[in-house]
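Sequence lines set the chain letters: A, B, ... in the order given, protein chains first and strands last, and positions in each chain run from 1. All values reported here derive from a predicted model rather than from experimental measurement.
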Number of protein chains: 2
Amino acid sequence: MTTHFMIRVQTARDADELSRQERKVSEFVLSAPEEAMRLSLARLAEAVGVSEPTVLRFCRKLGCANLQEFRIKMASAEAIGLPATHAEIAPGSSMADIAARVLDFSVSNLDNLRRQIDTDALQRIVDLLIGARSIHFWGNGASGIVARDAQQKFPLFGIPCLAETDSHQILINASTLSARDVVVVFSNTGRNSTMMPSVVAARANGASVVVVTSNSGSPLARAASLACCVPTLDNTDIYTPTISRIAALCVVDMLAIAVAQTRDSLACRKIKTMKETIVNVFRDDSSSPHGNE
Amino acid sequence: MTTHFMIRVQTARDADELSRQERKVSEFVLSAPEEAMRLSLARLAEAVGVSEPTVLRFCRKLGCANLQEFRIKMASAEAIGLPATHAEIAPGSSMADIAARVLDFSVSNLDNLRRQIDTDALQRIVDLLIGARSIHFWGNGASGIVARDAQQKFPLFGIPCLAETDSHQILINASTLSARDVVVVFSNTGRNSTMMPSVVAARANGASVVVVTSNSGSPLARAASLACCVPTLDNTDIYTPTISRIAALCVVDMLAIAVAQTRDSLACRKIKTMKETIVNVFRDDSSSPHGNE
DNA sequence: TCAAAAACGTAGTATAGCTACATTTCGAAG
DNA sequence: CTTCGAAATGTAGCTATACTACGTTTTTGA
């Protein structure tokens with residue numbers, strides 16, 4: 001994957017991978033990436049103050065076969081808004097830096113998700129949800145947010161839904177389930193130990209349990225009827241934004257759309273009517289889970 | 001912006017902007033974009049079955065000064081995936097299509113946000129939050145999710161926080177506020193009419209009210225002490241994923257990071273300790289708003 | 001201090017991109 | 001149907017580009 005080319009350039013500079021002249025090239029590239037990818041070899045060498053072969057040697061050290069490939073990787077990195085420096089946010093950053101890096105990190109992650117997500121697993125989940133008598137969304141902490149979001153969406157397609165974020169309530173909920181009920185558990189690590197007894201209880205009662213997690217080999221994933229892996233770039237630094245919520249929210253969107261699509265168009269018309277009603281009553285579509293709120 | 005280049009190619013083909021031979025080029029480009037941007041002029045012309053100048057004329061018609069620029073735009077477009085205009089999801093799409101488009105749309109939006117966000121406004125909000133005695137997050141519907149998310153984060157920096165998502169509770173909450181209290185209202189449209197009385201009441205009591213919205217000219221934005229505009233690409237179609245939550249969640253991250261950074265490092269150490277504790281107790285950092293959940 | 005190795009630049013070559021111009025194709029008027 | 005003109009397309013040739021082989025300089029370590 002070519003996702004983090006600018007970071008590759010930076011680490012190459014910071015580590016001792018580059019020679020003195022090559023480092024001059026890397027500094028120019030980092031400070032003026034737009035120019036660097038548009039200039040010809042001769043002009044780039046002149047701008048940096050080194051010879052043409054040195055620039056080429058620099059490109060090769062970064063894993064590019066030739067200047068063309070270097071330019072393509074630069075263009076990709078710039079398009080995706082990759083951070084000029086680390087994705088981790090250094091103390092003392094300006095507001096503009098913080099904003100750029102939070103967004104860069106989020107975009108990189110979604111881009112990553114796009115390439116890795118298991119759509120077959122998603123389809124199997126959709127099949128389960130469509131046949132469900134009721135859907136129960138469980139999640140603690142930040143995953144509780146995702147559960148609530150899902151709960152706001154799905155009832156509109158005509159399926160009764162519940163969201164629980166309290167471990168005790170979740171266990172109580174689990175004991176009330178039976179066959180044709182479907183549980184969707186959100187847990188990024190897949191190691192939420194308080195969740196496990198509830199998953200076991202739910203399955204013992206005949207309910208299907210889907211786990212959405214970033215770790216397909218985790219205990220919860222193994223305990224589930226069906227697991228969907230949502231890979232996230234690991235970064236445990238304190239300043240790192242919590243990306244997995246966002247990835248999980250996107251997954252909720254995908255599932256909701258797929259379910260809506262499969263259900264008859266009547267349901268869709270219902271939603272449209274409801275949305276318009278909400279807009280008219282509140283003069284604010286923020287109350288609709290399907291508004292752009 | 002060069003975000004939508006592939007769509008530009010497609011519309012050029014579908015409209016009658018291209019000659020017969022040039023259309024052959026466009027078809028090759030659309031069917032094999034990776035190849036098209038890596039091949040040399042001669043090889044590309046050969047692969048398409050036209051002469052070199054025809055390929056160049058094709059590039060020019062698409063607004064590229066030369067082949068280099070064409071390649072850079074291709075690389076950018078490929079990196080960012082399909083553009084937003086194409087992201088509306090047609091009924092009958094496959095799961096893979098749905099997943100790709102939800103993510104493409106989210107990425108396009110965050111990319112857009114990245115270019116437009118008002119970091120000065122954010123900084124002013126941070127200044128307010130740092131001086132706050134307590135912080136109150138308000139939001140209805142999908143914005144309620146965002147409010148809850150914020151409420152999970154900020155107490156860790158040592159600031160007492162409350163999230164309210166019920167209009168009546170919000171109004172009650174508003175009447176209890178005084179100077180040095182800060183309210184953060186989330187409303188994508190900025191037209192949540194039920195929110196207005198509460199905003200007025202809060203300000204009458206001397207509290208500061210910040211509104212995070214996509215519409216800087218909206219009633220709520222005008223009624224606020226401080227407004228932060230979070231632009232989102234409009235798309236009211238039923239299948240459109242609700243992007244603004246995601247954008248708003250990113251804004252919450254930015255604010256949280258900026259506040260954490262400004263507070264003394266003691267607070268940061270506290271969070272680290274807390275996070276470790278949670279991991280040890282629950283064997284799952286999903287319970288921590290700062291875990292990668 | 002000296003020799004080996006790495007770094008770097010010079011100069012030369014093949015090729016890539018680009019342009020001016022010739023040829024062909026197509027459409028409309030006679 | 002023929003003829004003329006304009007648009008479309010290809011040919012051929014020029015310039016600058018990317019890349020390489022080799023020679024020079026600098027650095028390194030004994």
Without decimals, in angstroms, what is the distance between [X] [atom1] and [N] [atom2]?
X       : N      : atom1 : atom2 : answer
B/Arg71 : D/dT17 : CZ    : C1'   : 11 Å
B/Leu44 : C/dA16 : CG    : P     : 12 Å
B/Gln68 : C/dC18 : CD    : C1'   : 12 Å
B/Phe70 : C/dA16 : CZ    : P     : 17 Å
A/Glu46 : D/dT17 : CD    : P     : 11 Å
B/Leu18 : D/dA8  : CG    : P     : 11 Å

Give a yes or no on whether the backbone of [Y] and the side-chain of [X] come within a donor-acceptor separation of less than 3.5 Å.
X       : Y       : answer
B/Arg60 : B/Asn66 : no
A/Glu46 : A/Arg43 : no
A/Ser76 : A/Ile72 : yes
A/Arg13 : A/Val25 : no
B/Glu69 : B/Ala65 : yes
A/Glu22 : A/Ser19 : yes

- Query: When you measure from the side chain of B/Ser51, which nucleotide among D/dC19, D/dA8, D/dG10 comes out closest?
  - Reply: D/dG10
- Query: Hey, what do you get for CD1 (B/Ile125) to CE (B/Met254), rounding to the nearest 0.5 Å?
  - Reply: 11.0 Å
- Determine whether A/Cys229 and A/Asp118 make a side-chain contact, defined as any pair of heavy atoms from C-beta on separated by less than 4.5 Å. no
- Do B/Glu27 and B/Arg23 meet the salt-bridge criterion of a basic N to acidic O distance under 4.0 Å? no
- Message: Using a strict threshold of under 4.0 Å (side-chain N to carboxylate O), is an ion pair present between B/Lys153 and B/Asp253?
- Response: yes
- Query: Do B/Leu110 and B/Cys250 pass the side-chain contact (heavy atoms from CB on, under 4.5 Å) test, and can you show the C-alpha distance, the side-chain angles, and the key distance before you say yes or no?
  - Reply: CA-CA 9 Å; B/Leu110 291 183; B/Cys250 286; 3.9 Å; yes
- Members of residues 21-31 of chain B that approach DNA chain D, where some heavy atom sits under 4.0 Å away: B/Gln21
- Task: Using a cut-off of strictly less than 4.0 Å between a heavy atom of the residue and any atom of DNA chain D, enumerate the qualifying residues of residues 52-61 of chain A by number.
- Result: A/Glu52, A/Pro53, A/Leu56, A/Arg60
- For A/Leu41, report the nucleic acid contact type (base, sugar-phosphate, nothing); a contact means any heavy atom under 4.0 Å. base
Polar atom pairs (N or O), protein with nucleotides 25-28 of chain C, under 3.5 Å:
none

